[in-house]
Asks: 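A single structure is presented below for examination.
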Amino acid sequence: MKMVNSARALLSSTALLLCVCTATPALAVDITGAGATFPYPIYSKWAEAYRAKTGNGLNYQSLGSGAGIKQIEAKTVDFGASDMPLTMDVLEKNGLQQFPTVMGGEVLAFNVAGIKKGELKLNGQLIAAIYLGKITKWNDPALVKLNPGLKLPDSRITVIHRSDGSGTTFIFTNYLSKISPEWKTKVGNSVSVSWPVGVGGKGNAGVASYVQQVPGAIGYVEYAYALNNKIPYALLYNHDGKLVKPTSESFQAAAAGADWKKTPGFRVILTDEPGANSWPITGATFILMHKVQDNPARALQVLKFFAWDYANGGKMAEQLVYVPFPPSVVKTIEDSWSTIKAKDGTPVWKSSADGK
Amino acid sequence: MANGSEVLIEENIIVGSTVSGSSRPRTYSMADQLFKNVTRFFAFLVLLLMAAIIVSLFMGALPAIRKFGIGFIGSATWNPVTNVFGGLVPIVGTLVTSTIALLIAVPVSFGIAMFLTEMCPARLKRPLGTTIELLAGIPSIIYGMWGLFVFAPVFSQHAEPWIDAHLGRLPLIGLFFSGPPIGIGIMTAGLILSIMVIPFIAAVIRDVFEVVPPLLKESAYGLGATTWEVTRYIVLPYARVGVVGGIMLGLGRAIGETMAVTFVIGNSHSLHASLLMPGNSIASTLANEFTEAVGRIYTASLIELGLFLFIITFIVLALAKLLLIRLSRMEGKRS
């Protein structure tokens, strides 16, 4: 008898559970996205906060930018995410539109005995020479000349780079291509390149741990990783020849100098930007959406989500050491959404009031 | 309980044998037929799956095969910017790391199995055996992290400078052992792989050594054979199929291992003679680059690498089967 009772209880609770499960989608819309791993922490944090506020969720899969581009082309997700902005040709060909969400900076982390955070100074030419394998010792005359008073040891430089294809690499190689014509012709600018020298670490964490493990190592990582792992990083001379520190202000200074309005597809890569305070290796991460939407209601949900993030997510982004866009740039981005349309040609996004 | 079910099965067989033949009820044979077909279907499903995998890998790799042809195997270029790809570095890396792993793991595993079956005090047998099985169950990423955070620093500070200074100076083989001590590279990957496959090989060899009939071993001991002679001339020939199977299992794991290798191999697409330099393997290249591979040729080249991994595994298995056939033939000639 007892068993029958508990079985009945189980049955009814299952039925209840089923009811709850089937009821949820009717109330809330879960949008789906896939792509870049770099913005994953902030997207998931935004999604959590947005769900608490509106009940609508986001299912974001951080598969990597390449996979994100493939998924949005195949229309299996509502939006794709990429750390590398696509060229206008590719966007046109696939009927896609892109816009940036947050920015981040990269630093050169190093492991040299006796030299602390911010003591080492580098410029683009030297970084290019190190990554081309031309400067191989820490006490190379060029390094000594830029760092007078610093006791650089007579030890080998071990170059660390990313082994996986990554937006971080795209931004870093973009910087080197702008600085060094030799880098541009020999190696080039992409999410993964044919490295002349060095050891590859998987992900920012892999590069960070290699730098910590190998004496004499130097590697490029997201600023957040160097900060969290307390790895010393170098100060850089920027486009204007000024020595700058990696901070939210210097990342934003790089973004402020850029002309987002006039660049088609927001294809702005914030490397080697002019401005006295601009950090030279800064970049944004991007969202990809189809221009013609089969399901305008879902597309509107996506745009509402990002509009909410631009308006309310700045603090959260800064906590995770991302850099939010200033309001003037956000307005330009939201204005660009008018070209995302339903099949009958009516714009999905009416006004920025929709998001608030 | 176990005995009871055995008896039941025996009874069934007896019943089955008495009713078999023409007097067998029709429904019975139909069920038999159905059962046979279902099992056959399952068996053929494996073949079908395998064919499907080969075909889909081949189709996926076709753009790269068309573009680079046979030169793909011989080229060490891997340049995603100019879209020129060659598989030499990862293919060599896979073969070399697996070879290092087996060179170390096979003798060690053999020693473990021999000790556990022939010389180990009964008290230690259980705990040691269980430990080996536990080691086999550790996820590979744990080995990778241990390799990077614990093994690599020790190896680079204490072992690699010595290897470089002593082995690196030797004529001919010195080329393979000279290089900067960074602790990450082909050699480290091979060593980590050997640690990973030892429990697999040792567990299988121990199991097959244990099923050697005691009668055979006791007879040899009775004739005055030493433990080594018993293992070499009685146990090993009796258990050779299982031993080769165990080694193949280990090799299979070494060839396909992804995460642990990715952590310590250095992930560099450059070809060096030295084992101390960073390299790449097929599995770690795929793990590293597949997610962010943009463009048809890039993706196709990665899939072609996957196809090669498949082919290498196939060749290794075929060689193992050939080895077994030859061994059993030689056995026939000798007696």
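Chain naming here is simple, since letters A, B, ... match the order of the sequence lines and numbering starts at 1 in each. From a predicted model like this one, the values you see are computed outputs, not experimental measurements.
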Asks: Quick check: A/F99 with A/F266 (ring centres under 6.0 Å apart)?
Replies: no
Asks: Looking only at side-chain N and O atoms, does B/H269 offer a donor or acceptor that is under 3.5 Å from a partner on B/E289?
Replies: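 Side chains of B/E289 and B/H269: pair found under 3.5 Å.
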Asks: Name the region of A/V187, side chain, backbone, both or neither, that has any atom closer than 4.5 Å to a heavy atom of chain B.
Replies: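 Backbone only.
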Asks: Determine whether a donor-acceptor pair (N or O, by modelled atom type, separation under 3.5 Å) exists between the side chain of A/H161 and the backbone of A/W195.
Replies: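 No, because the side chain of A/H161 does not come within donor-acceptor range (under 3.5 Å) of the backbone of A/W195.
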Asks: When you measure from the side chain of B/H166 to the backbone of B/W162, do you find a donor-acceptor pair of N or O atoms at a distance under 3.5 Å?
Replies: yes
Asks: Of the backbone (N, CA, C, O) and the side chain (C-beta and beyond), which part of A/S166 lies under 4.5 Å from a heavy atom of chain B, both, or neither?
Replies: backbone
Asks: Just so I understand: if I count every heavy-atom pair under 4.5 Å between each of B/L148, B/N280, B/T82 and chain A, which residue has the most?
Replies: B/L148
Asks: Heavy-atom pairs under 4.5 Å with chain A: which of B/Y298, B/F263, B/F149 has the most?
Replies: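 Top option by heavy-atom pairs under 4.5 Å: B/F149.
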Asks: Does any heavy atom of chain A fall under 4.5 Å from the side chain of B/I182, the backbone, both, or neither of them?
Replies: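 The answer is both parts of B/I182.
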Asks: Checking A/V191 against chain B: side chain, backbone, both or neither under 4.5 Å from a heavy atom?
Replies: side chain
Asks: Taking side chain as everything from C-beta outward and backbone as N, CA, C, O, which of these in B/T262 sits under 4.5 Å from a heavy atom of chain A? Side chain, backbone, both or neither.
Replies: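 Its backbone and side chain both get close to chain A.
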Asks: For B/V81, is there any backbone N or O sitting under 3.5 Å from a side-chain donor or acceptor partner on B/N79?
Replies: yes
Asks: Please state whether the side chain, the backbone, both or neither of B/T299 comes within less than 4.5 Å of a heavy atom of chain A.
Replies: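 Just its side chain gets close to chain A.
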Asks: Does this structure show an ion pair linking B/K67 with B/E304, if we count only N-O contacts that are shorter than 4.0 Å?
Replies: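 Salt bridge between B/K67 and B/E304, a charged N being under 4.0 Å from a carboxylate O: no.
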Asks: Quick check on A/S192 against chain B: is it the side chain, the backbone, both or neither that has a heavy atom closer than 4.5 Å?
Replies: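 The answer is both parts of A/S192.
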Asks: With no hydrogens and no angle check, is any side-chain donor or acceptor of A/D164 less than 3.5 Å from a backbone partner on A/K202?
Replies: no
Asks: So for A/N189, is it side chain, backbone, both, or neither that comes closer than 4.5 Å to the heavy atoms of chain B?
Replies: backbone
Asks: In the structure I gave you, are the side-chain heavy atoms of A/I127 and A/F172 within less than 4.5 Å of one another anywhere?
Replies: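 Yes, close enough: below the 4.5 Å cut-off.
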Asks: For chain B, which candidate among A/K70, A/M84, A/Q213, A/R162 shows the most heavy-atom pairs at distances under 4.5 Å?
Replies: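 Result: the option with the highest number of such pairs is A/Q213.
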Asks: Side chain, backbone, both or neither: which part of B/P278 has an atom under 4.5 Å from a heavy atom of chain A?
Replies: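 The answer is the side chain of B/P278.
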